[in-house]
Amino acid sequence: MGPLRIGELAQVTRTTPRALRHYEQAGLITSWRAHNGYRIYDNGVIVRVGNIRYLLAAGLTLEDIRAFLPCLDGDVVAASPSDKGIQIALDRLAVLDERIVAQTEARDRLAAALHQATGQNIRTVA
């Protein structure tokens, strides 16, 4: 497979052109412009986009992912984590835990208000 236009890369990586432009703006991927102005990507960026999507799905932010630039072109899952990578993951985990606590408290308040207003017991997911 040769160089890819943004729509082709989006299709191959199951993402959107908008997300790819966002990754590029964040400095995570690069492209060059064809004579007609279209963005063109090297074939190797497919792995990089897959790794970015994997790390985003794990709860990291694009800023967090910038620290992983040296290993985004390989098997990021199998790579030995660096001390910096572990610290970023621990920090993000703490943020996610705080958000879960806050959302659980908000959900409980809403369920209590509904119970008070309707007399119905509201089932919880947990």
Side-chain angles (χ1 to χ4, degrees):
M1 185 179 279
L4 303 164
R5 292 191 317 221
I6 194 167
E8 296 167 327
L9 179 60
Q11 185 176 12
V12 169
T13 58
R14 296 184 177 156
T15 190
T16 64
R18 183 176 184 204
L20 294 171
R21 286 189 293 272
H22 194 64
Y23 301 163
E24 190 170 347
Q25 185 178 19
L28 298 174
I29 62 174
T30 58
S31 69
W32 72 89
R33 297 290 182 151
H35 69 283
N36 58 8
Y38 290 166
R39 282 181 168 91
I40 304 294
Y41 297 89
D42 283 326
N43 215 6
V45 79
I46 294 170
V47 170
R48 182 173 279 235
V49 170
N51 284 328
I52 292 167
R53 291 176 50 78
Y54 172 82
L55 293 170
L56 287 170
L60 299 182
T61 66
L62 290 179
E63 185 60 33
D64 295 336
I65 294 170
R66 289 180 58 75
F68 296 90
L69 277 173
C71 61
L72 288 180
D73 294 326
D75 187 349
V76 76
V77 177
S80 296
S82 67
D83 290 341
K84 184 176 181 180
I86 289 172
Q87 189 57 54
I88 288 169
L90 288 170
D91 292 346
R92 185 58 47 203
L93 188 60
V95 169
L96 291 171
D97 284 343
E98 289 172 10
R99 288 180 184 168
I100 290 168
V101 168
Q103 290 293 307
T104 300
E105 290 171 353
R107 191 242 171 264
D108 291 347
R109 284 191 301 274
L110 180 58
L114 283 169
H115 175 70
Q116 185 177 10
T118 66
Q120 294 179 358
N121 286 325
I122 306 302
R123 293 182 351 161
T124 62
V125 177

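Note that the structure is predicted; figures quoted are calculated from it, not measured.
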L69 and L60: same hydrophobic cluster, using ILVMFWY side-chain contacts below 4.5 Å?
yes
What is the distance from atom CD of E63 to atom CD1 of I65, rounded to the nearest 0.5 Å?
10.0 Å
Salt bridge (charged side-chain N to carboxylate O under 4.0 Å, His left out) with R99: which residues, sequence neighbours excluded?
none
Between Y23 and T15, does a side chain to side chain contact (heavy atoms under 4.5 Å, CB included) hold up when you go through it step by step?
CA-CA 11 Å; Y23 301 163; T15 190; 4.1 Å; yes
Roughly how far, to the nearest 0.5 Å, is the OG1 atom of T104 from the CZ atom of R109?
10.5 Å
Does E105 form a side chain to side chain contact (heavy atoms under 4.5 Å, CB included) with D108? I'd like the steps, not just the answer.
CA-CA 5 Å; E105 290 171 353; D108 291 347; 5.7 Å; no
For R14, all residues meeting side chain to side chain contact (heavy atoms under 4.5 Å, CB included), sequence neighbours excluded:
none
Nearest-0.5 Å distance, CZ of residue R18 to CD1 of residue I6
12.0 Å
Rounded to the nearest 0.5 Å, what separation is found between the CG atom of L62 and the CD1 atom of I52?
7.5 Å
Would you say L4 ends up clustered with V47 if hydrophobic residues are merged whenever their side chains have heavy atoms under 4.5 Å apart, either directly or through other cluster members?
no
CG-CG distance between N51 and L55, expressed to the nearest 0.5 angstrom:
6.5 Å
Minimum heavy-atom distance between N121 and H115, given as atom pair plus value
OD1-CE1, 3.1 Å
Per-pair distances, 0.1 Å, donor-acceptor, side chain in residues 72-80, under 3.5 Å, sequence neighbours excluded:
unit_1, atom_1, unit_2, atom_2, d
D73, OD1, R48, NE, 2.7
D73, OD1, R48, NH2, 3.3
D73, OD2, R48, NH2, 2.9
D75, OD1, V77, N, 3.3
D75, OD1, A78, N, 3.3

Can you sort out the partners of D91 under side-chain hydrogen bond (donor to acceptor under 3.5 Å, both in side chains), two or more places apart, ordered by chain and number?
Q87
If Ile, Leu, Val, Met, Phe, Trp and Tyr residues are connected whenever their side-chain heavy atoms lie under 4.5 Å apart, and connections chain through other members, are I88 and Y54 in the same group?
yes
Would you list the atom pairs, donor with acceptor, under 3.5 Å between side chains in residues 26-34 and any protein atom, with sequence neighbours excluded?
unit_1, atom_1, unit_2, atom_2, d
S31, OG, E24, OE1, 3.2
S31, OG, E24, OE2, 2.7
R33, NH1, G37, O, 2.7

Tell me if the CG atom of D83 is crowded by more than 12 foreign heavy atoms within 6.0 Å.
no
Answer yes or no: is there a donor N or O on one side and an acceptor on the other, between the side chain of N36 and the main chain of Y38, under 3.5 Å?
yes
Decide yes or no for D97 and L93: does some side-chain heavy atom of the first lie under 4.5 Å from some side-chain heavy atom of the second?
yes
Linking directly or through intermediates, with side-chain heavy atoms under 4.5 Å: list the remaining ILVMFWY members grouped with L90, chain and number order.
I86
Verify the cluster assignment for L9 and I40: are they in a single hydrophobic cluster under the rule of side-chain heavy atoms below 4.5 Å apart?
no
How close do P3 and E8 get, heavy atom to heavy atom, and via which atoms?
O-OE1, 4.2 Å
Go through the steps for T61 and R92 under the test side chain to side chain contact (heavy atoms under 4.5 Å, CB included), then give the verdict.
CA-CA 8 Å; T61 66; R92 185 58 47 203; 3.6 Å; yes
